[in-house]
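Single-structure report; data block below.
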Amino acid sequence: MLSKNLIDLENLSVKEILDIIDLANKIKANPSEYANACQGKILATLFYEPSTRTRMSFSTAMMRLGGNVIGFDNPMNSSVSKGETLKDTLTVIGGYADIIAIRHPLEGSAEAAAMYSPAPIINAGDGGHLHPTQTLADIVTLYNEKGRLDNLCIGLCGDLKYGRTVHSLIKTMSRFKGNRFVLISTPELTVPQYIKDVMDNAGCEYTELTSLKEAMSELDVLYMTRIQRERFENDEEYERQKGVFVLDKEKLDLGKSDLRILHPLPRVDEIDYEVDDDERAKYFQQTVYGMYARMALFMTMLNGEKKVLKKYKNDGPYKDVICTNEHCITHQETYLPKRFKEYGDMLVCEYCENSTHK
């Protein structure tokens, strides 16, 4: 791999992504051949917010390859509860483990972790920003279920504003030719501008709708997402948004016979249980594909070159600039050096990708 960390699938070339898909399918076909592929290796799972599938998928993937797992799934059971910084935690754990998967509620946290960990970092979800290994699960599923990753009409429905799985999937699928997107959400939960910029720069067509029923007949893929209570400032705002979009049998009957329905899970009320038995529903199989995707990722990253840490100082031209995204990791971990990229009259935070005027 060209990258020593996986913060975003943009860190990988299209060839590297396709190689991981190919390896995942080889493992799936003959799992016993890979039972000792990571023997003696240690994965650390640092989960600063709750998770069931993602944490267990990472752990199972490493154990099926013959490796071991350490870590925590509740920061209150770690030194974080005593006020330990992200820098100190990652510096120490990076000396124990061969590879680290981190999930954190603040955006840009994986990028920050990678600055201080001597072990490679995998972003297992950073706030409402990105979730690249879920996207690996998604595209391994799509490749197996649709037979291709190009020329697809992909509908994404629900929380498109805070849905990190949505952002990662759009960014990745925009790299494959002929894909177009139908973005189905309330006006309050539409995709962030930087994701629209990604589609515009890639020349991808996209339309924005407020009706799931209206979109069903044209979709090759429907990616449903839950409205995430934990991303809202208050329960009142959440209650206004939840339950607006529900996939039921009536809407499903409008879909193509070869439609494939995905969901990153967990679901709340956005997919009716009667949909589960339809052959087009692939969200439970998606979790198994995700395990093989993570197995392939471990093998690829652990066979790469040793990571070399870069020294960062907070004395650059942006040392006094404050990211305007209140959910950016830089507001909590205030020692972090300010890192921005210039795009015209805008500055883009290298941690969370939020844009602000110079």
Practice problem: Kindly indicate whether the side chain of L9, heavy atoms from C-beta on, has any atom under 4.5 Å from the side chain of S168. | Solution: no
Quiz item: L336 and L309: same hydrophobic cluster, using ILVMFWY side-chain contacts below 4.5 Å?
Solution: no
Quiz prompt | Evaluation steps, salt bridge (Lys or Arg N to Asp or Glu O under 4.0 Å), between R226 and D269 | solution = CA-CA 8 Å; R226 70 184 172 95; D269 57 5; over 6 Å; no
Self-check item: OH-SG distance between Y194 and C349, expressed to the nearest 0.5 angstrom
Solution: 11.0 Å
Quiz item: Between the side chains of N179 and S174, is a donor N or O closer than 3.5 angstrom to an acceptor N or O?
Solution: no
Quiz item: CD1/I21 to CG/L136 distance, rounded to the nearest 0.5 angstrom?
Solution: 7.5 Å
Quiz item: Just by distance, with hydrogens left out, do N325 and Y351 show a side-chain donor and acceptor under 3.5 Å apart?
Solution: no
Quiz item: Judged by modelled atom types alone, do K307 and N5 share a side-chain donor-acceptor pair under 3.5 Å?
Solution: yes
Practice problem: Apply salt bridge (Lys or Arg N to Asp or Glu O under 4.0 Å) to the pair K213 and E250, showing each step before the final yes or no. | Solution: CA-CA 9 Å; K213 186 175 182 179; E250 179 186 357; 3.6 Å; yes
Practice problem: Would you verify whether the NZ or CZ of R53 falls within 45 degrees of the ring axis of F58 while also being under 6.0 Å from that six-membered ring's centre? | Solution: no
Exercise. Might you work through the salt bridge (Lys or Arg N to Asp or Glu O under 4.0 Å) test for K249 and D253, ending with a clear yes or no?
Key: CA-CA 6 Å; K249 189 176 185 305; D253 286 344; 3.3 Å; yes
Exercise. Kindly compute the distance separating CG (L222) from NZ (K282), expressed to the nearest 0.5 Å.
Key: 14.5 Å
Exercise. Enter the distance from L183:CG to L156:CG here, rounded to the nearest 0.5 Å.
Key: 6.5 Å
Quiz item: Any side-chain heavy-atom pair from Y162 and L189 closer than 4.5 angstrom?
Solution: yes
Practice problem: Find the distance between CG (D272) and CZ (R267) and round it off to the nearest 0.5 Å. | Solution: 8.0 Å
Self-check item: Hphob cluster co-occupancy, I195 + M346, side-chain heavy atoms under 4.5 angstrom
Solution: no
Name every donor-acceptor pair, under 3.5 Å, that has one atom in a side chain of residues 83-90 and the other anywhere in the protein, sequence neighbours excluded.
| unit_1 | atom_1 | unit_2 | atom_2 | d |
| --- | --- | --- | --- | --- |
| E84 | OE1 | T89 | OG1 | 2.7 |
| T85 | OG1 | D88 | N | 3.1 |
| T89 | OG1 | T85 | O | 3.1 |

Exercise. For Y335 and E333, test the side chains for any donor-to-acceptor distance below 3.5 angstrom and give the result as yes or no.
Key: yes
Self-check item: Heavy-atom check, side chain of M216 versus side chain of L259, under 4.5 Å
Solution: yes
Quiz item: Side-chain donor-acceptor pair under 3.5 Å between N144 and N25, yes or no?
Solution: yes
Self-check item: salt_bridge(D220, K256) N-O dist < 4.0 Å
Solution: yes
Quiz item: Should we count CD of E205 as having more than 12 external heavy atoms under 6.0 Å?
Solution: no
Quiz item: When you measure from the side chain of S117 to the backbone N and O of A113, does any donor-acceptor pair fall under 3.5 Å?
Solution: no
Self-check item: Salt-bridge criterion met for D126 and R103 (N-O under 4.0 Å)
Solution: no
Quiz item: Side chains of I261 and L252: does their closest heavy-atom pair fall under 4.5 Å?
Solution: yes
Exercise. State whether K171 and E353 are salt-bridged, where the test is any N-O pair (Lys NZ or Arg NE/NH1/NH2 against Asp/Glu carboxylate O) under 4.0 Å.
Key: yes
Exercise. Taking the side chain as every heavy atom from C-beta outward, state whether L142 and L262 have any pair of such atoms under 4.5 Å apart.
Key: yes
Self-check item: Minimum side-chain heavy-atom gap D197-M199 below 4.5 Å
Solution: no
Quiz item: So which pairs with a foot in residues 284-296 pass side-chain hydrogen bond (donor to acceptor under 3.5 Å, both in side chains), sequence neighbours left out?
Solution: S57-R294, T133-R294, D138-Q286, E145-Y289
Quiz prompt | H167 side-chain N/O to G128 backbone N/O, donor-acceptor pair under 3.5 Å | solution = yes
Self-check item: Side-chain (Q332) to main-chain (T330) donor-acceptor, under 3.5 angstrom
Solution: no
Quiz item: Do E111 and R339 come close enough that some side-chain heavy atom pair is under 4.5 Å?
Solution: yes
Quiz item: With distance as the sole test, does K146 use its side chain to make a donor-acceptor pair with the main-chain N or O of D258 at under 3.5 Å?
Solution: yes
Side-chain donor-acceptor distances from residues 63-74 under 3.5 Å, at least two apart:
| unit_1 | atom_1 | unit_2 | atom_2 | d |
| --- | --- | --- | --- | --- |
| D73 | OD2 | R55 | NH2 | 3.4 |
| N74 | OD1 | M76 | N | 2.9 |

Quiz prompt | Pairs satisfying ring-ring contact (aromatic ring centres under 6.0 Å, His included), at least one member in residues 118-144, at least two apart | solution = none
Quiz item: What do you reckon, is CD1 of I322 surrounded by more than 12 foreign heavy atoms closer than 6.0 Å?
Solution: no
Exercise. Determine, stepwise, if the pair L219 / I154 fulfils side-chain contact (heavy atoms from CB on, under 4.5 Å).
Key: CA-CA 6 Å; L219 303 180; I154 305 167; over 6 Å; no
Practice problem: Please name the pair of heavy atoms, one in C38 and one in L302, separated by the smallest distance, quoted to 0.1 Å. | Solution: SG-CD1, 3.8 Å
Practice problem: Kindly say whether C157 contributes a backbone atom to a donor-acceptor pair with the side chain of T225 at under 3.5 angstrom? | Solution: yes
Practice problem: Using salt bridge (Lys or Arg N to Asp or Glu O under 4.0 Å) as the criterion, list what pairs up with K251, not counting sequence neighbours. | Solution: D248
Quiz item: Can you tell me if K338 uses its side chain to pair, donor with acceptor, with the backbone of V321 under 3.5 Å?
Solution: yes
Quiz item: With under 30° as parallel and over 60° as perpendicular, where do the rings of Y48 and H104 fit, or are they tilted in between?
Solution: tilted
Practice problem: Examine Y343 and F340 and state if one hydrophobic cluster contains both, with Ile, Leu, Val, Met, Phe, Trp and Tyr joined whenever side-chain heavy atoms are less than 4.5 Å apart. | Solution: no
Practice problem: Decide side-chain contact (heavy atoms from CB on, under 4.5 Å) for M301 and I99; before the verdict, give the C-alpha distance in whole Å, the side-chain angles of both, and the deciding distance to 0.1 Å. | Solution: CA-CA 8 Å; M301 292 183 71; I99 195 164; 4.0 Å; yes
Self-check item: E49 side, atom CD; I102 side, atom CD1 - distance, nearest 0.5 Å
Solution: 10.5 Å
Practice problem: Please answer: with hydrophobic residues joined when any side-chain heavy atoms are less than 4.5 Å apart, are I170 and Y206 in the same cluster? | Solution: yes
Self-check item: Test side-chain contact (heavy atoms from CB on, under 4.5 Å) applied to K311 and M115, step by step
Solution: CA-CA 8 Å; K311 298 292 185 181; M115 294 165 57; over 6 Å; no
Exercise. Sorted by first residue and then second, give each side-chain hydrogen bond (donor to acceptor under 3.5 Å, both in side chains) pair with at least one member in residues 26-39; sequence neighbours left out.
Key: D22-K26
Quiz item: Do Y318 and E342 have a side chain donor and acceptor closer than 3.5 Å?
Solution: yes
Quiz item: Are M56 and I27 joined in one hydrophobic group, where the rule is that I, L, V, M, F, W and Y side chains link up if heavy atoms are under 4.5 Å apart?
Solution: no
Quiz prompt | Verdict with supporting geometry, I17 and L12, side-chain contact (heavy atoms from CB on, under 4.5 Å) | solution = CA-CA 6 Å; I17 291 173; L12 305 182; 4.0 Å; yes
Exercise. Evaluate the side-chain proximity of L160 to T190: yes if any heavy-atom separation is below 4.5 Å, no if none is.
Key: no
Practice problem: Might you point out which heavy atoms bring A293 and A137 nearest each other, and give the distance in Å? | Solution: CB-N, 4.2 Å
Quiz item: Do other residues, nucleotides or ligands put more than 12 heavy atoms under 6.0 Å from the OH atom of Y96?
Solution: no
